[in-house]
Amino acid sequence: MPKRHERSERTLRRSAPIFAALGDQTRLALIARLGGGSPLSISRLTQGLALTRQAITKHLRVLENAGLVRGVRHGRESHFELEPEALDDARSALESISRQWDDALARLKSFVER
Amino acid sequence: MSRSSTDRIEKRIELAAPVARVWRALTDHKEFSQWFRVNLEGPFVPGKITRGRITYPGYEHLVMEVVVQKMESERLFSFNWHPYAVDSKADYSKEPPTLVEFRLQKTPTGTLLVVSESGFDSIPLARRAEAFRMNDGGWTEQVKNIEAHVAKAP
């Protein structure tokens with residue numbers, strides 16, 4: 001029991017910056033734009049968002065520090081792309097669906113066995 | 001075609017009930033509603049849509065909608081639906097659905113049920129991250145939980 005507790009605590013601590021980074025509408029919007037897969041310039045990412053280039057850059061740095069995106073040099077411009085490891089988030093999402101199935105099947109079990 | 005680890009979920013469960021009983025619990029929409037916690041309005045018919053309001057506490061604002069694919073008596077029941085459909089205002093109909101399959105097999109003690117859900121990789125990553133955030137009652141909320149947790153046991 002204590003072991004499991006320690007482990008889940010470690011996982012939580014490691015995930016905290018990711019949760020924090022994504023807990024913001026602008027940053028989610030940026031992730032959504034990068035979801036297409038190809039690297040985009042800061043100007044491209046700023047288009048249509050009611051924020052300055054500097055503000056967007058700041059948000060991108062938060063995402064970068066959380067390991068969700070990475071900057072790539074493209075001539076004189078900085079481009080950003082999704083960090084492949086952001087897939088871990090997809091796994092987390094899958095885990096939450098997986099847990100919902102576990103719950104549903106446990107309910108089915110008691111339903112048919114009663 | 002090989003599937004990535006993020007494309008598919010599979011669950012196996014042994015049920016101490018005859019195959020016929022499990023089949024009914026899965027395919028009779030009223031029985032399905034009871035254990036799944038939804039209020040399906042109509043029966044499952046291959047090729048047809050069945051929908052109903054979720055009755056699971058905290059998710060009552062959501063409507064679940066499935067398109068039945070196969071109903072091979074006491075063997076296979078499958079449907080398509082939209083996973084992560086957690087925003088009641090969003091239109092998910094243009095997104096690719098996932099496929100849910102229930103496979104039943106008779107065992108000496110009852111029924112082996114194998115449930116799989118596949119097709120997650122076709123759903124944009126950003127949507128999954130966003131849905132996960134909403135699914136868990138908001139990541140902002142989650143961060144607070146994490147902070148409280150870590151503060152309690154540093």
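What's counted below: heavy atoms across the whole structure, side chains too, no hydrogens, waters or symmetry copies. Chain identifiers are assigned alphabetically (A, B, ...) following the order of the sequence lines, protein sequences preceding nucleic acid strands; residue numbering begins at 1 within each chain. Because the structure is a prediction, the values reported are computed rather than measured.
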Check your understanding: Are the charged groups of B:R21 and B:E31 less than 4.0 angstrom apart, N to O?
Key -> yes
Check your understanding: With only heavy atoms counted, which part of B:Y56 is less than 4.5 Å from chain A, the side chain, the backbone, both or neither?
Key -> side chain
Check your understanding: Are A:E81 and A:R70 close enough for a salt bridge, meaning some N to O gap below 4.0 Å?
Key -> yes
Review point. Relative to chain A, which segment of B:L15 carries a heavy atom at a distance below 4.5 Å: side chain, backbone, both, or neither?
Key: both
Exercise for review: Over all heavy atoms of both residues, which pair between B:F44 and B:H29 is shortest? Give the atoms and the distance, please.
Suggested key: CE1-CA, 3.9 Å
Practice item. Against chain B, label A:R114 side chain, backbone, both or neither, depending on which of its atoms sit under 4.5 Å from a heavy atom there. Key: side chain
Review point. Does any donor atom in the side chain of A:W101 or B:E117 lie under 3.5 Å from an acceptor atom in the other side chain?
Key: yes
